[in-house]
Amino acid sequence: MITVVGSYNVDLEVKVDRFPSPSETVFSRELLVLHGGKGSNQAVSASRLEGRVQLVAAVGDDDYGTKAISFLESENVGTRYVRVKRARTGTAIVVVDREGENMIIVDRGANALLEPADLGDSLEYTDVLLTQLEVSEEVVKKALIECVDCIRILNPAPAILRDVNLLRHADVVTPNEVEAKQLTSASTVVDAANSLLRLVRYAVVVTLGESGALVVTRRGTSKVPTLRVRAVDTTGAGDVFNSALAVMLDKGHDLEEAVKFANLAAAVSTTTVGALGPRMEEIEEYVRS
Ligand code: ADP
């Protein structure tokens, strides 16, 4: 069983011709209301890849919260530990211009109220723990420490950490290139990965966009290429990568096999619009075609 501990946000995405200046009003071309948040995205994507998944998260006691729970259920994600708080559901306001540049403001809402106690006994039957940094560090830390017999993956996104010693409790840490450098102030990815490896138990996997991923363990460093695809939307590629990694490690594959598949799933996810990942049969179909 994979347990994802993380955020749920409703994403309010508006498309504009250009960003407004301060005090200016612009009209949007379209408003989309989408399910988001790294925790939810990773849990749903892992479930679509046939993982058995539950999510520990917090939503608000509003309409968005109710819809979030039905959505997760419709995607076969266990919601027993999705807590309903007296608050608004976390909301991300995403403004996208014609060039695809975006500006994002996040109101953390209920996500900020997720507490260590909310983990309950969710980790009891967990084989793989997957967590990120959109909920409080205390929650992430407790989950990592409590999950003694599982493989613990920490996707350090966003790369804002009060105490880097949190990484000491993770087996595998999966930053993208920017996050790896932010966490270490190293100037190259290899230096950043090696510096993170000093803290992490087993491996650092840095995702490199269209260049795939860099895997660094104490036995050595290897670069794992990804598929060449016609990418139309790379939003959420990192989330799909992490979910696929969790699914493969849960099935008992070794890290190298898991990273190869994670690259494949993430690459396929960039060929369609949206942050959520492909289903297993969509990946098989892509590979066949
Ligand atoms: P993030 O989405 O967190 O910024 P990356 O950009 O590193 O993370 O992408 C995560 C993974 O998605 C990569 O390791 C790769 O497997 C896949 N990916 C991203 N962009 C592309 C692309 N243009 N072509 C193929 N694969 C991609």
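Note that ligands are numbered from 1 as they come in the structure, with each ligand's atoms numbered from 1 the same way.
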J.: For N111 and R108, does a side-chain donor sit closer than 3.5 Å to a side-chain acceptor?
T.: no
J.: A231 heavy atoms, cut-off 4.0 Å: which ligand 1 atoms fall inside?
T.: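 Answer for ligand 1: 23 (N).
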J.: How does T235 reach ligand 1, by side chain, by backbone, by both or by neither, if only non-hydrogen atoms under 4.0 Å count?
T.: neither
J.: If you have a sec, work out which protein heavy atom is nearest atom 14 (O) of ligand 1 and how many Å separate them, to one decimal?
T.: G212 O, 2.9 Å
J.: Are E24 and R18 within salt-bridge range, i.e. N to O under 4.0 Å?
T.: yes
J.: Examine the proximity of ligand 1 to V178 and report which part, side chain or backbone, both or neither, has a heavy atom under 4.0 Å away.
T.: neither
J.: Would you say the side chain of H35 lies within less than 4.5 Å of the side chain of Y8, judging by non-hydrogen atoms?
T.: yes
J.: Could you check whether D62 and T89, counting side-chain N and O atoms only, form a donor-acceptor pair closer than 3.5 Å?
T.: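 Indeed, the side chains of T89 and D62 share at least one donor-acceptor pair under 3.5 Å.
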J.: Which of the listed options, A267, G209, A157, holds the heavy atom that is closest to atom 15 (C) of ligand 1?
T.: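 It is G209 whose heavy atom sits nearest to atom 15 (C) of ligand 1.
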J.: Numbering the atoms of ligand 1 from 1, which are under 4.0 Å from a heavy atom of T226?
T.: 16 (O), 25 (C), 26 (N)
J.: As an exercise, identify every atom of ligand 1 less than 4.0 angstrom from a heavy atom of F241.
T.: 14 (O)
J.: Do any nitrogen or oxygen atoms of T270 lie less than 3.5 angstrom from nitrogen or oxygen atoms of ligand 1?
T.: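 The answer is no, given that T270 and ligand 1 share no N or O pair closer than 3.5 Å.
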J.: Which protein non-hydrogen atom lies closest to atom 12 (O) of ligand 1, naming both residue and atom, and how far is it?
T.: A266 CB, 3.2 Å
J.: Starting from atom 16 (O) of ligand 1, which protein heavy atom do you reach first, and at what distance in Å?
T.: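 Its nearest protein heavy-atom neighbour is N263 OD1, 2.7 Å.
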J.: Answer with yes or no whether the side chains of E75 and S47 bring together a donor and an acceptor at under 3.5 Å.
T.: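 Short answer, no.
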J.: Looking only at protein heavy atoms, identify the closest one to atom 8 (O) of ligand 1 and say how far it is in Å.
T.: T207 OG1, 3.5 Å
J.: Any nitrogen or oxygen of G238, side chain or backbone, less than 3.5 Å from one on ligand 1?
T.: yes
J.: Tell me the contacting part of N176 for ligand 1: side chain, backbone, both, or neither, using a 4.0 Å heavy-atom threshold, strictly below.
T.: side chain
J.: Under a 4.0 angstrom heavy-atom cut-off, which atoms of ligand 1 come close to L227?
T.: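 Per the distance check, 25 (C).
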J.: Nearest to atom 23 (N) of ligand 1, what protein heavy atom do you find, and at what distance?
T.: E210 CB, 3.6 Å
J.: Do the side chains of K142 and E146 get close enough for a salt bridge, i.e. N-O under 4.0 angstrom?
T.: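 So K142 pairs with E146 through a salt bridge.
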J.: With sequence neighbours left out, write down each residue that passes ring pair (Phe, Tyr, Trp, His ring centres under 6.0 Å) with Y125, or none if nothing qualifies.
T.: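 Y125 satisfies ring pair (Phe, Tyr, Trp, His ring centres under 6.0 Å) with no residue once adjacent residues are dropped.
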J.: Quick one: do E138 and R162 make a salt bridge, cutoff under 4.0 Å?
T.: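 A salt bridge is present here (some side-chain N lies under 4.0 Å from a carboxylate O).
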J.: Please lay out, stage by stage, how D233 and T235 fare under the test side-chain hydrogen bond (donor to acceptor under 3.5 Å, both in side chains).
T.: CA-CA 6 Å; D233 181 8; T235 319; 2.5 Å; yes
J.: Report the part of V229 in contact with ligand 1, treating N, CA, C, O as backbone and CB onward as side chain, heavy atoms under 4.0 Å; options are side chain, backbone, both, neither.
T.: side chain
J.: Between T3 and Q54, do the side chains contain a donor N or O and an acceptor N or O under 3.5 Å apart?
T.: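 Q54 vs T3: donor-acceptor pair found between side chains.
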